[in-house]
Structures are given as C-alpha cells and as structure tokens.
Amino acid sequence: MNRKSVSSNRSDPAWLDLQYNNRALVPEHAAHFERWAAASAQARQGLPCLLDVAYGHGPGETLDVFPAPRKHGRPPAPVMVFIHGGYWRSLDKSDHSFIAPAFVKQGACVVIPNYALCPAVTIPQIALQMTQALAWVYRHIGTHGGDPQRITVVGHSAGGHLAAMMLACQWSLVGQDLPDALVQSAMSISGVFDLEPLRHTPFLKDSLRLTPRQVSQASPAGFAAPPLQDGRGELIAVAGADESDEFVRQNQLIQSAWGKEIVPVCETLPGLNHFSVLEALVDPRHRLHKLAKQSLKD
C-alpha cells in the first residue's frame, strides 16, 4: 500500500476500527486475559508484595510493589515500573502481577501502578497520575530495597505510550527534589505515539473523548526528543510482527520522531500479536525479555 492510500485510509472510520481494535484482531484475546489473571493471582500468592499502596489521593492512585530479595552486602536493586495497557479505559494492575516473578527472580524490584480510567479522566490526566507514581517510586523505593537511581519504565499498549511520556517528562516541574534523569530507560511494547487517529476511531472515541489540544499534549511523536542525561534516556520500541499495520507504523514513528540515538532499538518481533507480545516479555528465552533485562542493568 502506498503512502497516499494509507493517509487516505486514516480518515475512514471503518479502517481505523480494523487497525486499532486489537480484541477483534485477536479472537483468542480472552484466553490471554485468563492466563494473565491466573498467573497474576499466583504471583501475588507466591511473592512477597505490598498491594494497593497509595501514591496519591485520587481514584485509582495505588500501586503494587514486589521487592527484590534482600541479600546482605548487596547494592540496592534496579527498579522496573510496569504500566499496564487497555486503551486507557480498561484493565487493572491486578491483571498484570504476572510480570513480576521473572524480573524479581533476576534481582529487580517491580512496581505496578494503577491509574484512573477514561472517560472519568482524560489521557493527559492519566499521564500526570503516572508522574506522581514515578515520583513516589523515586522517593520511597529505597525502603523496599530498590535503587532510585536505576528506574526503568516498561509499558504495554496504552502503557507503552505512557512509558514514552515518562521518559520525556520534565521532572523538575513535578517536584524540585526529582532529578532530570529520573527515568533511566524505558521500553514501549506496542505503544501508540500519535493519538490523532484514535480521536476518529469509532470504538474508542466516545470513551477517550480526545480533543485536538489533548492530542497535542499527549502525543510523544510530536515532542522534541528527550535529551540523554548522564547516559540515561534511551527508549526501546517493539511491537509484534503480527499486529496491525498501524501498530507497526506507530512503533516505527517514535524512532523517526526522536532519532536512533534516543530510540536505538525499534523492532517488530516475529510471530507475536498484540497480546502474546506481552507474554514474551516474561519468557527468559525470548529476545524481548533479554532486552528488558539489559535495560535494567544498564
């Protein structure tokens, strides 16, 4: 398909639904959700964890902490903050506890925040909630054995968008005690970086209620590339090769917008769809898991 026809299609509501409705694209999505829920319940039962810790005072402003095993004489653990997806309007941190065991086993402290959901809030408001969650992590994770100087943010789908937003955040505006390089690195899995198409996508527009101003405020592809500071600030962008053309385009878009210095890895992973790509994250044999592990150690 040539560029002109793709651009033309982006004004077609039916085409946008076809491209962005991942549950319709993956008929077996319910089976993925069932596996996630079962594995998440097992993770909460099998690992030490602190659940529903408040990072703010608003609806949904809680997080779960899965501390790294404490070993005498060892330095504080790297911290992975995982932000869940669901198009900013569904799912919950409790559906994603299954992310924690593979990385706790590797010696990381894992934090999984919640956020309020659209349409009760806007996407820019959710992004601000995530800045408060990350500020809480920086200020308090040392109590749980984590290193506030080694925070990596990983997100899936809507969470992938939010991970990029956190990398681009001007942290001194959030709190004077926060360093510019609060986020050491980020990984976006199947993220969306230009929100304009979603403003016109029928199955989403009534719940997201995006305005042109909000699209401008919350589309990372329209931001200046966040500067590398003290060797920090890189983004890894990945998507499943079996995802829609739009998700593949969105993944490539952030590297085009921010450049290869900031986004050195931009890949589509063979054989993975929008949901199985997240399961690859916790598979120690998979390249995606290895990329995440590498970002925690850098």
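- Ring to ring, F82 and H96 are close: their centroids are under 6.0 angstrom apart.
- Between F66 and H144, the gap from one ring centroid to the other reaches at least 6.0 Å.
- Counting heavy atoms from C-beta on, the side chains of F33 and E28 never come closer than 4.5 Å.
- Checking V282, D283, V277, L278 one by one against L288, the side chain to side chain contact (heavy atoms under 4.5 Å, CB included) holds for a single residue, V277.
- Ring centroids of H156 and H274 are separated by less than 6.0 Å, placing the two rings close together.
- A distance below 6.0 Å separates the ring centres of Y115 and H84.
- Here the side chains of D245 and W15 are not in contact, with every heavy-atom distance at 4.5 Å or above.
- Distance check, rounded to the nearest 0.5 Å: CZ of R89 to CG of L208 gives 6.5 Å.
- Between Q250 and P197, the closest side-chain pair of non-hydrogen atoms falls below 4.5 Å.
- The shortest side-chain heavy-atom distance between L117 and W88 does not fall under the 4.5 Å cut-off.
- Here Y87 and Y20 keep their ring centres 6.0 angstrom or further from each other.
- A search for side chain to side chain donor-acceptor pair (under 3.5 Å) contacts involving Q106 returns K293, not counting sequence neighbours.
- With contacts defined as side-chain heavy-atom distances shorter than 4.5 Å, the pair E61/Q129 qualifies.
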Between side-chain atoms of residues 37-50 and protein atoms elsewhere (two or more places apart, or another chain), which donor-acceptor pairs fall under 3.5 Å?
residue	atom	partner	partner atom	Å
S40	OG	W36	O	2.7
S40	OG	D95	O	3.1
S40	OG	S97	N	3.1
S40	OG	F98	N	3.0
R44	NH1	S94	O	2.8
R44	NH1	S97	OG	2.9

*Pair L195-L210, side chain to side chain contact (heavy atoms under 4.5 Å, CB included): steps then yes or no*: CA-CA 8 Å; L195 301 188; L210 279 163; 4.2 Å; yes
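- In this structure the side chain of F193 never reaches within 4.5 angstrom of the side chain of S219, judged on heavy atoms.
- Considering only heavy atoms from C-beta on, E279 comes within 4.5 Å of H32 through its side chain.
- A side-chain donor-acceptor contact under 3.5 Å links E243 and S190.
- Contact of the E267 side chain with the N251 side chain is not registered, since no non-hydrogen atoms from C-beta on lie closer than 4.5 Å.
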